Structures are given as structure tokens and as C-alpha cells.
There are 2 protein chains.
Amino acid sequence: MEDNDQLSASLEDYLETIYLIVRKKHAARAKDIADQLQVKASSVTAALRLLSEKSLVHYAPYDIITLTAEGERLARDVLKRHQALYHFLLDVLGVGEEEAETGACKLEHSISPLVLKRLISFVDFVQQCPRVGTQWVKEFNSFCQRGAMGENCIDCINDCLKKVTRKTGS
Amino acid sequence: MEDNDQLSASLEDYLETIYLIVRKKHAARAKDIADQLQVKASSVTAALRLLSEKSLVHYAPYDIITLTAEGERLARDVLKRHQALYHFLLDVLGVGEEEAETGACKLEHSISPLVLKRLISFVDFVQQCPRVGTQWVKEFNSFCQRGAMGENCIDCINDCLKKVTRKTGS
DNA sequence: GGCTTTTTTTAGGTGATACTAACTTTATAT
DNA sequence: ATATAAAGTTAGTATCACCTAAAAAAAGCC
């Protein structure tokens, strides 16, 4: 009765898509899923039967589609991976929004729990750490464009120090 | 005659494995590949026929296996992705060696050229930038263990500033 | 209600990838 | 050198994930 095995990348995509549609429209139709994933309706039917066998979706022929509790849990997990990668790609690596989105879509299926956890912490750390922060990320972008370190490292660090001193007042 | 299409993750793995075996032992046998990739010998034969059709390996039944120039080029490319990810996971995110290795193996097939380029630059930048560097990476590790920012941010930045001032002598 | 359109399912096919089992070829060891 | 072991191939099967084409069900409209 239970699903021991991991989901395939494909089924994870179906789950994620259903979750997003349900969140927006209360329930999903096969057509919505097909349009979203750019597959034919018959492929959706096949996927729904597999997900139904694994008790991840409530599905009966011609009926409306929703996620089971377990299905929703897994969908949230996929989405969490997606968003962590998206933010890393966009806010740290500084690739564009579109590239961050497609990149997250592809990578989300092969990132392990530990790497995910670390990645989330890292984006958090980069944004929180006064030694780094947003300005430093911009510095990285200049580095990428120039292909070399900037000249004004000491000024950069000094600016950073001033900012922290001012903020904490010590 | 030419291969327009992208390689599958599976064939990339075969190519990468063959490259590594050839580099170590001059030529590869099907058995080596099967052992390395944890598949049965018959699966290797099938893969070799596909790679041979794409002119990526020199292959004849019962004969020894080597890569063509194009095969080697592609194998190096996979390996480059693998190593970039490995270093990011190990040296920046600070997951262990084993996790970095398995993580790189899984992610290497779904990373785009742009993200790859950025990731390589990023690891480089983190290691070169005086504002960041090795010490900061350690700081990130503490952050991960504690789950919160450290208390001594100003000292941390001051240390960093001193180090840079000393080094450049200005 | 009945007709048309849309949606969904079914049936059947393709290609990729791996498997098992049986067979062939090559290597080894006495 | 020849029997046995190891390595490699072939043939047939299974799964996954997509497709097309055609049938069935549901929804929308007069």
C-alpha cells in the first residue's frame, strides 16, 4: 500500500504542477496540467494513474484532481527545493530570472536533503552576514563581467565596516 | 553522420566513466564500466553501441574500448561540470567529501552552461575576495551549526581588514 | 432535450534504459 | 592444448514517459 520508492523527476513535476494549480484554483483539471507541463492530455492520464496508485492524488476518471495529504507534503518538498535553487541562482549567482527559473526546474530533482539544507542556509547567510550582504553580491557580478578581482578591496571592506559600526553603534 | 542531439544523463555517465578508466588504465573493458556504474554487462554493451553510433567511442565487439576525440571532448565537459559542483559543495557549502561527490554526480547532468560558468566564477571569487576567503567559509559553517549569526561581526570584519592592510601594505 | 465542442480516456506505438538468461568468445591454468 | 572460468554479446522482457488517433464522457449552447 505504501510507496517505498523515490518519485521520478517526471512524477515530481506533475505533483508540483498540480499543487500550484490547486493552490490557485481549488482543484486541477487534466487540461491545466497538460498545458502547464507542455505534454499531451493522454500523458497526464497516465501520470495520474501512477500517482493515484501511490496514493498521492485523489483521482477517478473524469473527476476533478486534488492531492492527498502525502501528495501535498511531497509537492511542498519539491517546491521547497525549487525555490531554494531559484533564490540561489538569482540572488547569489546572479543569473537572470528566466535562467534561474529553468535552472531550478532542472536541478530540483537531483538535490539531496543535506545539500538543500546547506544551500538554504547559505543564501540566508549571504544575505544576513554584514561582511557580505547585497553589496558584495554586486561585487561578484562585477567580478564576473571583468573576469578579475576589483582594485579597491580595502575600500570595499572599509565601507562594510563603517556600515556595521554605524548600525550597531559600537 | 554528426550528432546534433544532447546526450542523455545515462550516456554522459558512461562517457565520463570510460574517460576516467582510460586515463588510469590506457583502455577500458566493459567489465570495468559495469562495475563502476553498477549496471550489468549487457547494459554496457547496449550503451557502447549507442555511443559508437554517435562516434564517441572506438568500439568493436570483444575489443578494447577507447574514446574518440569528440567523445573525449564531451567527457571532459561532463567532468568539468562534475568538478565545479564538487568544489562548490565541498569548499563553499561545506558538505563532506562523500556527499560532495554523490551530489556532483547527480547534479552534473542538469546544470546549464551559464550556471556552470557562474558557479566556477563564484567558487573562485569566494576564495580570492579578501572580504570573504577561507575564514568566512568557516564562519558559514559555524552559522550552520548554530543556526544563527555570530555575535562578533565587527571583530570578524576588523580581522579581515587588518589582514588585507598587512598584505598590501597600504 | 439534443447538438456541438471540449475534455478525458483508451488503445497502441516509440525510444530510452535497465534487467535476466542463454550463448559465444577470449583468457587462464594446469 | 584443452577444459574451465571470465568476459562479452544477443535476445527477449519490463518500466517509464512520451506520442497519435480514435472513442467516450462532460460541458456549453440554442
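This one's a predicted model, so the numbers in the text were calculated from it and none came from an experiment.
- C:dT8 atom P lies 10 Å from atom CG of A:D35, rounded to whole Å.
- At a threshold of 4.0 angstrom between heavy atoms, the contacts of B:A41 include nucleobase atoms, whether or not backbone atoms are also involved.
- The CG-P distance, from A:L7 to D:dT15, rounds to 17 Å in whole Å.
- Position along DNA chain D of the nearest nucleotide to A:Y62 versus A:A9 favours A:A9 as the more 5'-ward residue.
- Phosphate contact (OP1/OP2 of C:dA18, side-chain N/O of B:S43, threshold under 4.0 Å): absent.
- The heavy-atom pair separating A:V95 from A:A100 by the smallest distance is CG2-N, 3.6 Å.
- The phosphate of D:dG8 has neither OP1 nor OP2 within less than 4.0 Å of any side-chain N or O from B:S42.
- Dashed line: the shortest gap from a side-chain N or O of A:K31 to OP1 or OP2 of C:dT7 is under 4.0 Å.
- For D:dC16, neither phosphate oxygen OP1 nor OP2 lies less than 4.0 angstrom from any side-chain nitrogen or oxygen of A:Y14.
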Q: Kindly determine whether A:N141 and B:R118 satisfy side chain to side chain donor-acceptor pair (under 3.5 Å), including the steps that lead there.
A: CA-CA 9 Å; A:N141 271 270; B:R118 283 269 162 166; 3.0 Å; yes
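- B:Y19 and B:Y14 have their aromatic ring centers separated by at least 6.0 angstrom.
- There is a side-chain donor-acceptor pair under 3.5 Å between B:H109 and B:D13.
- In this model, the phosphate group of C:dA18 is approached by a side-chain N or O of B:S10 to a distance below 4.0 Å at OP1 or OP2.
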